[in-house]
Amino acid sequence: MTSEITTPVALAKMDPVFGQLSFDNHEQIVFCHDKDTGLKAIIGIHNTVMGPALGGTRMWNYANEWEALNDVLRLSRGMTYKSAITGLNLGGGKAVIIGDSKKDKTPEMITRFGEFVNSLSGKYITAEDVGTTTEDMDRIHKVTKFVTGISEEIGGSGNPSPVTAYGVYMGMKAAAKYQFGSEKLDGKKVLVQGTGHVGETLISYLTQEGAEVFVSDIHQDKMENMVAKYGAKIFTGADLYAADVDIYSPCALGATINDETIHKIKAKVIAGAANNQLAVEAVHGQILRERGIAYAPDFLINAGGIINVYGEIVKYDKAEAMRRTENIYNTTLEIFNFADVNNMTTQQAAMQIAQNRIDQRKKENANK
């Protein structure tokens with residue numbers, strides 16, 4: 001017989017799901033495991049009041065299962081409010097697969113994951129995210145119809161990244177209009193952190209308009225590619241959060257606006273594609289407001305991707321997806337104005353408007 005001692009850190013996690021702030025009344029959490037393929041995945045279904053929970057599947061080499069669980073909880077919650085603020089009849093969900101997508105991912109693993117998605121009978125609809133591709137979604141499509149972002153050749157909307165980038169671009173222009181008095185970005189210094197599919201397309205839009213773009217990425221070759229293709233500049237300073245730029249655009253992973261970085265930020269606008277940019281929404285959103293930094297809520301301006309794949313469900317084309325995504329500009333300005341009138345942060349304003357729509361739908365559903 002062995003005796004195990006519970007550490008203080010472990011004790012703090014004795015309520016690893018229901019006791020977490022990020023749990024936020026999730027309806028369902030599904031743990032998926034398959035020994036043969038090595039699949040370890042978690043599906044988070046936050047809310048289905050507005051419709052089925054749609055959200056991408058992220059494959060990431062998490063340090064531990066706890067980190068993966070916290071990520072899927074935060075991401076699925078964000079999808080609920082993203083769909084609501086954008087006016088889509090969708091709930092919020094997300095999935096994560098634990099592993100290195102470049103080393104661990106196999107066709108068999110992705111197929112098995114698709115079978116788990118299918119077992120939920122449409123309560124959760126998946127799509128691509130960091131570490132997964134359109135090809136993966138096509139493979140999942142072979143075992144379930146509850147998937148979006150499949151290839152255009154088989155009736156899908158294809159890679160959602162370009163539409164996501166367009167929405168971020170629209171949100172950034174709206175934030176610039178609010179903060180600087182003009183939506184024009186020519187001459188503005190913009191730091192884009194993360195040069196993946198979304199970041200690259202955003203860089204393309206920015207350089208076409210004449211912005212001075214600085215890039216930061218953990219991969220040197222990607223940054224050099226941005227220099228060669230778009231004339232961007234590699235950020236070489238000691239601390240990118242203290243960069244002397246007009247706009248900071250986080251387009252990699254979340255929580256980059258935190259206790260260590262927030263007081264360094266010199267940019268007057270924050271508008272990027274990354275999810276959950278504020279490490280602690282209430283605290284860091286308020287500090288940004290007090291410092292006079294215009295923050296465009298991430299779950300609003302990065303909604304182009306979900307607008308794009310929603311077209312596969314309700315049957316509208318790419319042109320309509322782009323038209324709906326362009327409206328992110330107007331919604332972003334409305335959020336800034338609502339926040340000013342009601343003396344709150346832009347994050348709080350966006351959340352309140354989204355929650356109001358969810359509450360209204362809940363009443364309507366109850367009266368049916």
Side-chain angles (χ1 to χ4, degrees), residues 17 23 26-62 65 68-80 82-83 88-101 104-161 164 275 305-315:
V17 179
F23 178 74
H26 271 72
E27 292 179 9
Q28 189 173 1
I29 301 170
V30 182
F31 293 84
C32 313
H33 178 247
D34 183 70
K35 181 180 178 181
D36 291 339
T37 62
L39 175 70
K40 290 183 178 179
I42 309 172
I43 299 173
I45 299 173
H46 178 253
N47 189 290
T48 57
V49 170
M50 300 296 299
L54 192 154
T57 295
R58 171 173 295 184
M59 187 168 184
W60 191 255
N61 196 23
Y62 295 100
E65 294 169 12
L69 173 61
N70 188 56
D71 199 31
V72 77
L73 289 172
R74 284 170 57 86
L75 290 168
S76 55
R77 172 179 177 268
M79 292 305 297
T80 293
K82 180 182 296 189
S83 292
L88 306 180
N89 292 321
L90 291 171
K94 205 80 173 183
V96 297
I97 297 175
I98 301 172
D100 187 331
S101 62
D104 303 325
K105 185 169 63 175
T106 64
E108 294 77 15
M109 176 188 288
I110 295 300
T111 297
R112 188 71 183 98
F113 174 74
E115 291 170 348
F116 277 108
V117 171
N118 192 61
S119 72
L120 294 170
S121 303
K123 191 173 184 181
Y124 169 68
I125 302 172
T126 197
E128 74 173 81
D129 199 271
V130 176
T132 59
T133 64
T134 303
E135 183 181 0
D136 294 328
M137 298 308 110
D138 289 349
R139 189 172 300 280
I140 290 172
H141 184 250
K142 293 179 180 179
V143 294
T144 183
K145 63 181 179 180
F146 304 119
V147 57
T148 57
I150 57 177
S151 298
E152 295 180 67
E153 293 78 10
I154 58 175
S157 58
N159 182 3
S161 297
T164 301
N275 289 304
I306 196 169
I307 292 172
N308 184 63
V309 298
Y310 186 57
E312 296 181 28
I313 299 174
V314 298
K315 308 303 180 186

Step-by-step side chain to side chain contact (heavy atoms under 4.5 Å, CB included) determination, N275 to R58: CA-CA 12 Å; N275 289 304; R58 171 173 295 184; 3.9 Å; yes
Side chain to side chain contact (heavy atoms under 4.5 Å, CB included) between N89 and I313, intermediate numbers included: CA-CA 10 Å; N89 292 321; I313 299 174; over 6 Å; no
For T57 and F113: C-alpha separation, side-chain torsions, deciding distance, then whether side chain to side chain contact (heavy atoms under 4.5 Å, CB included) applies. CA-CA 10 Å; T57 295; F113 174 74; 3.2 Å; yes
I would like to know whether I98 and E65 meet side chain to side chain contact (heavy atoms under 4.5 Å, CB included); could you show each step before the answer? CA-CA 8 Å; I98 301 172; E65 294 169 12; 4.0 Å; yes
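Residues satisfying the side chain to side chain donor-acceptor pair (under 3.5 Å) criterion with E115, sequence neighbours excluded, are R112. By the side chain to side chain contact (heavy atoms under 4.5 Å, CB included) test, D100 is found to be paired with N61, K102, K103, D104, residues two or more places apart in sequence or in another chain being considered. Residues passing the side chain to side chain donor-acceptor pair (under 3.5 Å) test with T164: none are found, sequence neighbours excluded. The side chain to side chain donor-acceptor pair (under 3.5 Å) search around S101 returns none, not counting sequence neighbours. Partners of T80 by side chain to side chain contact (heavy atoms under 4.5 Å, CB included), not counting sequence neighbours, listed by chain and number: H46, N47, I358. Considering only residues two or more places apart in sequence or on other chains, Q28 meets the side chain to side chain donor-acceptor pair (under 3.5 Å) condition with K123.
Using a 3.5 Å distance cut-off with no hydrogens or angles, the side chains of T133 and D136 do pair a donor with an acceptor.
For the atom pair T148 OG1 and L90 CG, the distance stands at 9.0 Å (nearest 0.5 Å). Rounding to the nearest 0.5 Å places CG of L54 at 12.5 Å from OG of S76. Summarising the geometry, atom NE2 belonging to H141 is positioned 10.0 Å from atom OG belonging to S151; distances are rounded to the nearest 0.5 Å. The CG atom of D34 sits 6.0 Å away from atom CG of L39, with the distance rounded to the nearest 0.5 Å.
Panel note: side chain Y124, backbone G55; a donor-acceptor pair is recorded below 3.5 Å. Remark: side-chain polar atoms of E128 are not paired, donor with acceptor, to backbone N or O of N159 under 3.5 angstrom. Checking side-chain atoms of E27 against main-chain N and O of I45 turns up no donor-acceptor pair under 3.5 Å. In this structure, E108 contributes its side chain and T37 its backbone to no donor-acceptor pair below 3.5 Å.
In this structure the side chain of L73 reaches within 4.5 angstrom of the side chain of I29, judged on heavy atoms. Inter-residue side-chain proximity for L69 and Y62 is flagged as unmet; no heavy-atom pair is nearer than 4.5 Å. With contacts defined as side-chain heavy-atom distances shorter than 4.5 Å, the pair I150/M137 qualifies. You'll find the side chain of T126 stays beyond 4.5 Å of the side chain of T132, heavy atoms only. C32 places none of its side-chain heavy atoms less than 4.5 Å from the side chain of I42. Between I306 and S83 the shortest side-chain heavy-atom distance falls below 4.5 Å. At a threshold of 4.5 Å between non-hydrogen side-chain atoms, the residues D138 and I154 count as touching. Counting only heavy atoms from C-beta outward, the side chains of V130 and W60 approach each other to under 4.5 Å.
The number of heavy atoms from other shown groups lying within 6.0 Å of NZ (K105) is above 12.
Scanning all heavy atoms of the two residues, the minimum distance from V147 to E312 falls at O-OE1, 4.1 Å. Pairing each heavy atom of G93 with each of A53, the nearest pair is N-CB, 3.6 Å.
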